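Please see the structure below; I have some questions.
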Amino acid sequence: MMGRLSRRASLCLAMAAILGAGPVLAQQPAPPPLSAYGALPATELVQLSPSGDRLAFITVVGEERRLATIDLTTNRGLGAISVGAAKVRDVEWIDEERVLITTSSTESLPQIGLDKNELYMGQVFNLPNRRVVRMLAATRTLFPALLSAVRIRPGEDRPDLYVRAHSFQAPGALDLYRVNPDTGGARLAESMTRDTDDFILDDGGRSLARSVYNERSRTWSLLLRQGSRFNETWRVSAPLDQPALIGLGLTGESVIVAADRPDLHREGREDAEFFDVNMATGAWRPVRFEFDPEDLLFHPVTRRMIGASRLENTGRRYVFADEAAGLLWASIEQSLPGVAPELVSWSDDLRTAVVYTNGPGDAGAYRLIDLDTRELRSVGHAYVDIAPEQVASIQPIQFKAADGLDLHGYLTTPPGGAARNLPLVVLAHGGPASRDVMGFDWWSQALASRGYAVLQVNFRGSTGYGQAFMEAGYGEWGRKMQTDLSDGVRHLAAQGIIDPERVCIVGASYGGYAALAGATLDKGVYRCAVSVAGVADLRDMVAYAAERGERRDNSTVRYWNRFMGGDGPGDRSMDARSPARQAASADAPILLIHGRDDVVVPIAQSRSMASALRRAGKPHEFIELDGEDHWLSRADTRTRMLTETVRFLEANNPAR
């Protein structure tokens, strides 16, 4: 199955065979079970209390998630509660005695017109009395789901929680409510329309700025509180790429907005992505750091911007405008030389922080650094059943696409073996406006532990390489975004690293589409394909987005049209790039895996692909995962996905 693989690649491999470069792996000890990779992280969502003296985190005991809290000064537990089967999305200290836990579950509530959707709930754990209170539940006029992120602000007697919620008495609004963390009861704080997109609060819980997006007119507006009322200070047409309200500026007298402002372009300088907008005057000025930032950082007390970060090929890079934050980060980098730590949490005084590391010989570890004691200590590990020597090697790679575009990615190779003539799995990331990163990845590590090299390519359309690189992916589903992956295969084959006759493709979400497209559109490269929650029919996917929006022509539909290169669910030109419509062309066996609770890519996508393959008489398997969502949030179904994927790979592309 050489397909498009070059004659030069096959010649290189033939010479390697003549010179005695044979397969690959020396005899190695048995790898960890796949359940070690599919398990939920043993420690995650680690958060320091405001004082830095206490720690809260989610841990897993068997199949049960639990919130645990400890006193770092005595190393004694302060209390723990079971979170049950709920999916934990966030943990945050309210003060030294209360912890907010945000969970989600997939629900259908036809009695109020709610189709299957992911609903978010808030629970407050009170450490002194071991009591758990559910946010909004005590107010019967409110639907007890969080319809915005929760903001914590100091109150008169205790902190208050602010969140938007749906009132049964005012069905047309999504107002802001102040919630008592001890009772869960809520009172109206401010009225907000459904078009209110986001907001920034002062310490008293009063909104200083709001953003409004009108789906009908496709306009985004910035409203600033000036005196006793809000004034619209800027409006822009934004059918796609809506601006975003990010937070307070450096001095607290401005707000930070992410926006495209070519009208503020300065000759000889890169266009800025973030802008500082003065709340009194409405004047805009670009926010610049020593690199082009992807994310901004804010002080835990003042909530003002103090720094920025961006993800680079070797890890996350940080820069700080605040002296105390800069001192803390410099100490962290000195304590962890040669490692790319990621900032997870810090204390209010910026003297204590938790960082996360992962990479060579590190399956994920949380470390605490204290500037006052100069102490660095481990506070938890993510994958405790994977030993350092069992972590597969990861290296960044760079190559050119067929049209000359520079591409980057990562190659993971099996532990203990020579990187020659390996069987390969191309693991395509989702999004597609996302990216793979350097570090321990449970999925690629699981495949590498079974003897496969794993290639992860940040194909055109991925984030992290500039706007032009992402825009190069527009309209390229099944086209150059797809051949970027197989160009990576050809690159590795030309170097003799992989055997081009033993390549499969695997992925989830958009990556699932790429796997299906690899078998149906980019033929002759792959021996098998595994799609997890993948898009199979582009027109049907756009129709699903149209049906779920308040308007059929909503921003999600426009997003898909731009990336897919179509013009709505009626555009039949997308059929030529829809694997379900091209199933008769499949030249490799296909495994479909999909969660029944997926509300992002509906399981109907995989069902239609299975039906099309069955009608075409093409070899395939289809596995439906009970109770699983789009993100593989459960350990049992995550492990089953890995087990079925490895079984299918070994049947169609044996590693040894």
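Computed over heavy atoms, backbone and side chain alike; hydrogens, waters and symmetry mates excluded. Here the structure is a predicted model, which means the values were calculated and not measured.
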Exercise. What heavy-atom pair brings Leu538 and Arg577 nearest, and what distance separates the two atoms?
Worked result: CD1-O, 3.7 Å
Problem set entry | Check: Ser531 side chain, Ala515 main-chain N or O, donor-acceptor pair, under 3.5 Å | no
For this session: Give a yes or no on whether the backbone of Ala145 and the side-chain of His166 come within a donor-acceptor separation of less than 3.5 Å.
Result: no
Exercise. Ignoring hydrogens and geometry, is there a side-chain-to-backbone donor-acceptor pair from Arg435 to Leu311 under 3.5 Å?
Worked result: yes
For this session: Determine yes or no for a side-chain-to-main-chain donor-acceptor pair under 3.5 angstrom, with Asn561 supplying the side chain and Met564 the backbone.
Result: no
Problem set entry | Polar side-chain atom of Ser148 near backbone of Arg164 as donor-acceptor pair, under 3.5 Å | yes
Exercise. Taking 4.0 angstrom as the limit, do Asp241 and Arg562 come out as a salt bridge?
Worked result: yes
Exercise. With a 4.5 Å heavy-atom cut-off, do Trp443 and Val454 have their side chains touching?
Worked result: no
Exercise. Under the ring pair (Phe, Tyr, Trp, His ring centres under 6.0 Å) criterion, do His429 and Phe459 qualify, and how do the steps go?
Worked result: CA-CA 9 Å; His429 70 67; Phe459 44 81; 4.2 Å; yes
Exercise. If you take all heavy atoms of Pro579 and Ala517, which pair is closest and at what distance?
Worked result: CG-N, 3.9 Å
For this session: May I ask you to decide if the ring planes of His491 and Phe399 are parallel, tilted or perpendicular, using 30° and 60° as cut-offs?
Result: parallel
Exercise. Which distance, rounded to the nearest 0.5 Å, do you find between the NE2 of His620 and the CG of Leu592?
Worked result: 7.0 Å
Exercise. Is the closest side-chain heavy-atom distance between Val646 and Leu447 below 4.5 Å?
Worked result: yes
For this session: Could you label the plane-to-plane angle of the Tyr474 and Phe563 rings as parallel, tilted or perpendicular, counting under 30° as parallel and over 60° as perpendicular?
Result: perpendicular
For this session: Indicate whether the side chain of Thr193 and that of Asp195 have a donor and an acceptor atom separated by less than 3.5 Å.
Result: no
Exercise. Quick one: NE2 on His265 to CD on Glu267, what's the gap to the nearest 0.5 Å?
Worked result: 5.0 Å
Exercise. Got a salt bridge between Arg310 and Asp295, using NZ or NE/NH1/NH2 to carboxylate O under 4.0 Å?
Worked result: no
For this session: Please answer whether the main-chain N or O of Ala238 pairs with a side-chain N or O of Tyr213 as donor and acceptor at a distance below 3.5 Å.
Result: yes
For this session: Please answer whether the main-chain N or O of Asp537 pairs with a side-chain N or O of Gln605 as donor and acceptor at a distance below 3.5 Å.
Result: yes
For this session: State, yes or no, whether a side-chain contact exists between Ile623 and Phe648 at a heavy-atom distance under 4.5 Å.
Result: no
For this session: Anything under 30° is parallel, anything over 60° is perpendicular, the rest tilted; go ahead and classify Trp234 against Trp220.
Result: perpendicular
Exercise. Any donor and acceptor pair, going by atom type alone, linking the side chain of Asp90 with main-chain N or O of Thr102 inside 3.5 Å?
Worked result: no
Problem set entry | Least distance between heavy atoms, Tyr410 atom then Pro396 atom | CD2-CA, 3.8 Å
Exercise. If we ignore angles and hydrogens, is there a donor and acceptor under 3.5 Å between the side chains of Thr106 and Asp629?
Worked result: no
Exercise. Are any non-hydrogen side-chain atoms of Phe469 and Leu405 less than 4.5 angstrom apart?
Worked result: yes
Exercise. When you measure from the side chain of Lys87 to the backbone N and O of Ser633, does any donor-acceptor pair fall under 3.5 Å?
Worked result: no
Exercise. Mind checking what makes ring-ring contact (aromatic ring centres under 6.0 Å, His included) contact with Tyr356, not counting sequence neighbours?
Worked result: Tyr366
For this session: Report yes or no: do Ser309 and Arg316 form a side-chain donor-acceptor pair below 3.5 Å?
Result: yes
Exercise. Does any donor atom in the side chain of Ser611 or Arg607 lie under 3.5 Å from an acceptor atom in the other side chain?
Worked result: no
For this session: Report yes or no: does Gln482 contribute a side-chain atom to a donor-acceptor pair with the main-chain N or O of Ala514 at less than 3.5 Å?
Result: yes
Exercise. Can Arg558 and Glu215 be counted as an ion pair, charged N to O under 4.0 angstrom?
Worked result: yes
Exercise. Without hydrogens or angle criteria, can the side chains of Asn458 and His408 be said to hold a donor-acceptor pair below 3.5 Å?
Worked result: no
Exercise. Out of curiosity, His630 NE2 to Glu118 CD, how far, rounded to the nearest 0.5 Å?
Worked result: 11.0 Å
Exercise. Can you check side chain to side chain contact (heavy atoms under 4.5 Å, CB included) on Leu632 and Trp442, steps first, answer last?
Worked result: CA-CA 12 Å; Leu632 295 173; Trp442 61 269; 4.2 Å; yes
For this session: Measure the shortest side-chain to side-chain distance between Arg640 and Arg634 over non-hydrogen atoms and say whether it is less than 4.5 angstrom.
Result: no
